[in-house]
Amino acid sequence: MTIGGVRCFLTTVMLVVSTGGVWGSPAVATVARAGTTAVSPASVVPAPVIATPTGGVTYRITATTTIYTEPGSTAAADIAGQLAAIVRRSTGYPMPVVDAPSATPTDGIALLLSGAPTAVGGEGYQLDVTDASIAVRANEPAGLFAGVQTLRQLLPAAVESPTVQPGPWDVAGGRIVDYPRFAHRGAMLDVARHFLPMSVVKRYIDEIALYKVNRLHLHLSDDQGWRIAVNSWPNLAIYGGSTEVGGGTSGYYTQDEYRQIIAYAAARYIMIIPEIDMPGHTNAALASYAELNCDGVAPKLYTGTKVGFSSLCVGKEITYTFLDQVLGEIAALTPGPYLHIGGDEASSTTAADYATFMNRAQQIVAAHGKSVVGWHDIVNAPVLSSTVAQFWGTTTSNAAVATAAQNGTKVIMSPANHVYLDMKYNSRTRLGLRWAGYIDVQDAYGWDPGAYLAGVGATSVLGIEAPLWTETIETLADVEYLAFPRLPAIAELGWSPMSTHDWTSFNQRLGAQGPRWRAMGINYYHSTQVSWPTGS
Ligand code: TNX
């Protein structure tokens, strides 16, 4: 099979899967004991499209290794700087970053924007490891970044350690040619139910970037809190952001902090998608401004966990002034093309009001130059052709979503019973909820986003997203416990071709991440479904 002039080694992919015992398990077992042994290319998560090892060949990073980058590319230099920072900490080597002397460096690690197959597109890459050098080649910086995430996983797990480790630092020889299945590979953090400070968001960005996630959706407002400063409506953050579930001390991001989050994410090739949920899930806003309520009376701040009791006042014109000003400020702060306007569980808004409201809200977003993402409830209103629906149901058929998809609406797949990271793993899980069922790793991994929802084929699917709602989540450790190991499983569904989908091989590769997470200090859940190497 040929795509854009490049042979697609489907048979090779099948070989990788079926010979996982040769390239997978033994290497995984060795990593477990030493944490410093070269890792097989077959251990990477998400599974690469093609991974072809070169037997008996190893590249060793030493104190004299240089990182070469595409001359004149500040993006390549920045990516190299991030790689160097990780490798310097654990190896103690200087790892200088310099412009590549030629298009084919004969030593060191090269990050180059030339020579990649056209078929890997903007986010893919080719990675070659010989005994003399490593070369990551991509068409765009995003592809270089993805290739570097693969390279991190090819290095011994101890490379992620914050302190100097003994080494050696070997990378197994071979070639990887890799590119994503879906454009949208997302994670979502609900910073409204419990506020998560910028440091936690940045750390989560680092963690999801390693698995080639390229979208972070921030759920910035809900009944319990408003989490972003809006200059035209200052009480939203000052008053509406003053509490959270349980009533603890809370907060919000200043606009400067929000910009910092965007820049931090952008440097890791992650787009921020901000969500202001409406017309329901709006108690924090209604409590902050009496005039937004139909009866002109502001309700109290809310610290419980019920849903569906609040609604913006659809019949008042000030509601649309509010939308225009709030969404206008957020659009101006956000470089990405999307504004998420929620739209879920609007049970206190009539169907007719919901349609009226969503119609105007979509026009307002369009007037600010952005496209709407909405929870899939939005397809119950007329949608613009640019509006994207995020499916969060627990069934495999939804007539309204299927009809919308057939009319051209793109869908982000977030089936709650597979990807809701706030669901408990099992009845003994201390954190999380259970309304969509227990979700262990096999449930998170065992489905196909392109063939899941009846009438919504792969071409209608923009991608996949794993939301983490925070009714029961308060700290980074809580976030990590629910996200790992399920987030990497979901990330693989977004990136890897279905031809690589195989629980037995995935289980080995996922287990091999355990020592990495230990080195990174990630508080992951030791699911009994995963073959963790000894000691991880
Ligand atoms: C449903 S999913 C919600 C959220 C809750 C979540 C808890 C969706 C669009 N709405 O308001 O936080 O369940 O799992």
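For the numbers below, each heavy atom of this structure counts, side chains included, while hydrogens, waters and symmetry mates do not. One-based numbering, in listed order, for ligands and for the atoms of each. The structure displayed is predicted, hence computed values, not measured ones.
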Atoms of ligand 1, numbered as shown, that sit under 4.0 Å from any heavy atom of [X]:
| X | answer |
| --- | --- |
| Leu433 | 7 (C), 14 (O) |
| Met423 | 14 (O) |
| His281 | 11 (O) |
| Trp375 | 9 (C) |

Taking the six-membered ring of Tyr425 (Phe, Tyr or Trp), confirm whether the NZ or CZ of Arg486 is under 6.0 Å from its centre and within 45° of its axis. yes
Assess the side chains of Asp478 and Thr475: does a donor N or O sit below 3.5 Å from an acceptor N or O? yes
Does the side chain of His219 pick up a donor-acceptor pair with the side chain of Glu275 at under 3.5 Å? yes
Can Tyr253 and Phe195 be said to form a ring pair (Phe, Tyr, Trp, His ring centres under 6.0 Å), step by step? CA-CA 9 Å; Tyr253 308 121; Phe195 180 62; 4.9 Å; yes
Examine ligand 1 and decide if any of its atoms is less than 4.0 Å from a heavy atom belonging to Arg193. yes
For atom 9 (C) of ligand 1, closest protein heavy-atom neighbour: Asp344 OD2, 3.1 Å
Provide, to 0.1 Å, the distance between atom 3 (C) of ligand 1 and the closest protein heavy atom, together with that atom's residue and name. Glu345 OE1, 3.4 Å
Is it the case that ligand 1 has an N or O less than 3.5 angstrom from some N or O of [X]?
| X | result |
| --- | --- |
| Tyr420 | no |
| Trp435 | yes |
| Asp422 | yes |
| Glu471 | yes |
| Trp469 | no |

Just say parallel, tilted or perpendicular for the rings of Trp532 and His526, cut-offs at 30° and 60°. tilted
Donor-acceptor pair, side chain of Asn293 and main chain of Leu286, under 3.5 angstrom: yes
NZ/NE/NH1/NH2 to OD/OE distance under 4.0 Å, Glu465 and Arg215: no
Would Glu207 and Arg268 pass as an ion pair if we require N to O under 4.0 Å? no
